[in-house]
*Asks:* 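One structure coming up, written as structure tokens, with questions to follow.
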There are 2 protein chains.
Amino acid sequence: MVRDEVVRSATRLFKERGIRGVSLQDIADEVGLTKGALYHYFSNRDDLLRQVFGDWITQEFESLREHTSGSGGPTAQLRDYVRYHVSSVTQNIDLYSLSFSSEAELPPDVRAEFRQLKRRSDSVLKAILREGVAAGDFEPRDEKVMAFAIDGMCNWLSQWYAPDGPKTAAQIADDFVELLLRGLVRHDDGPTDSGPAHGAVATAEYHARAIRFHSERLEQLLPTLADRGGAGA
Amino acid sequence: MVRDEVVRSATRLFKERGIRGVSLQDIADEVGLTKGALYHYFSNRDDLLRQVFGDWITQEFESLREHTSGSGGPTAQLRDYVRYHVSSVTQNIDLYSLSFSSEAELPPDVRAEFRQLKRRSDSVLKAILREGVAAGDFEPRDEKVMAFAIDGMCNWLSQWYAPDGPKTAAQIADDFVELLLRGLVRHDDGPTDSGPAHGAVATAEYHARAIRFHSERLEQLLPTLADRGGAGA
DNA sequence: CCATGCTTTGACCCGACGGTCAAAAAATCG
DNA sequence: CGATTTTTTGACCGTCGGGTCAAAGCATGG
């Protein structure tokens, strides 16, 4: 289909140079048509923009609704949310990065739809957080700030994710979840809660390394402990 | 100074409508001059762009160097990094959001500088994380992903931070740090790890407990390891 | 009050861009 | 093949935006 080819080329060009940085001539050249021919498929520039974004946004709305059905505890829900969000961004990275970067250049109606999508996604996340706190699973924190932090983390993917990179989107998502749930600081309580992605061998190596680390640290600390009896500054 | 007035107006307009969405005429109108008069202060459009971004970027370079002098442990360093990053974004929110959103529309040299700033900041953060892991303070995690996650969180501020909002930049930064260090999940063990309040005794106890835990885990894993030879899915 | 230099004007040039359209070219089909 | 419809062309229009420039305004100070 020629129309789809045009939309795809347009999307790619928009992403590379920004919406305002691409002329209809550029798109026509890319597809191998003349500027005039484009008007057979689109009534004007904004209409093209609408076709580029419109379908995608409504699709995202649907997808968001499906993937956040709210089964499982807050932890599982948060995990699902992040996984969904990450896969969504990585699969439509062109459109995501475009929407974030050139939001101001979108036709008003498209822009409004996009903002609504963001808002809805945000409110889903906040609900999960609230639930988690209420259930006693999460520490009570500033809901708004946490939501923005999490969304920012995920959305930022559109700025650096490379499909041919060493990590899959799913792996990145799980890394995010682990960071979000447990933080960076090493602590010794129970087993990790994160999904099945943890291999047994990797886990064993990890623990072996951890033991070595802690042993060394402990030895280093012993003399210190001998000197001062209490807690240091 | 007229020149500064022009730069300020240009920055504001650029942020509102995107770089390509602002004509020299627009800027001239804003300042109350004629298009021609602008050329008394700037040799061309790209030169104006350079003046808008140039000073700021070199200033950021300097500031980054100062604020990441590397005193204190990894935890403190991470806290300082996030605090600095957040205050930097919130104080120059126009320029940050512009650089992120319209990076493609920047003159090549300015763009290169900006990318270098990002890269340097990123490498500072990664160094902190690496150090933290080496010191046993942080869980071993994917350095790259963590760095992007943290930077994303901070950079995303440029999309939602409101100077007149309920929280100050410093408060938001501390919220971020707490999330990053301790995660969302509620845990009931005694003293928090944050800040300099960590006494030598507590640390020693912590490491002793950690070693016990990891040893147990390792033993639990050994049978599993005998079964499958390679890494699990 | 004139001379000098900084600042501003406003008209102008040119190229690019969005958009239009009649006519040509292709495709479809009886 | 011929008729009809779909697709494409390429020339054209008006506008806008970046950039130029001679001339006018406006200070400043001798």
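Letters A, B, ... mirror the listed sequences (proteins, then strands); counts begin at 1. Everything quoted here is computed from the prediction, not taken from an experiment.
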*Asks:* Using a strict 4.0 Å threshold on nitrogen-to-oxygen distance, state whether A:Glu105 and B:Arg20 make a salt bridge.
*Replies:* no
*Asks:* Below 4.5 Å, heavy atoms only, C-beta onward: do A:Asp137 and B:Val185 meet side chain to side chain?
*Replies:* no
*Asks:* Please identify which of these residues, A:Glu60, A:Arg83, A:His67, A:Gln59, meets the side chain to side chain donor-acceptor pair (under 3.5 Å) condition with A:Ser88.
*Replies:* A:Glu60
*Asks:* Could you give the CG-to-P distance, from B:Leu38 to C:dT9, as a whole number of Å?
*Replies:* 10 Å
*Asks:* At under 4.0 Å between heavy atoms, what does A:Phe42 touch on the DNA or RNA strands: base, sugar-phosphate, or nothing?
*Replies:* nothing
*Asks:* Using whole Å, report how far CD1 of A:Ile19 lies from P of C:dG18.
*Replies:* 13 Å
*Asks:* Quickly work out the A:Asp47 CG to C:dG18 P distance and round it to whole Å.
*Replies:* 14 Å
*Asks:* Using a cut-off of 4.0 Å between protein heavy atoms and nucleotide atoms, how would you tag nucleotides 13-28 of chain D 5' to 3' with B, S and -?
*Replies:* ----SBBB--------
*Asks:* Strictly below 4.0 Å: does B:His40 bring a side-chain N or O up to OP1 or OP2 of C:dT8?
*Replies:* no
*Asks:* Round to the nearest Å and state the distance from B:Glu5 atom CD to C:dT8 atom P.
*Replies:* 12 Å
*Asks:* Measure CZ/A:Arg20 against C1'/C:dA16 and give the value in whole Å, please.
*Replies:* 15 Å
*Asks:* Indicate whether OP1 or OP2 belonging to C:dT8 is found under 4.0 Å from a side-chain N or O atom of B:Tyr41.
*Replies:* yes
*Asks:* So do the side chains of A:Leu33 and A:Ile27 get within less than 4.5 Å of each other, counting heavy atoms only?
*Replies:* no
*Asks:* Round to a whole Å and report the spacing from CG of B:Leu33 to P of C:dC6.
*Replies:* 18 Å
*Asks:* I'd like to know if B:Asp174 pairs up with B:Arg79 as an ion pair, taking the criterion as any Lys NZ or Arg NE/NH1/NH2 lying under 4.0 Å from an Asp or Glu carboxylate oxygen.
*Replies:* no
*Asks:* Do A:Asp122 and A:Lys118 meet the salt-bridge criterion of a basic N to acidic O distance under 4.0 Å?
*Replies:* no
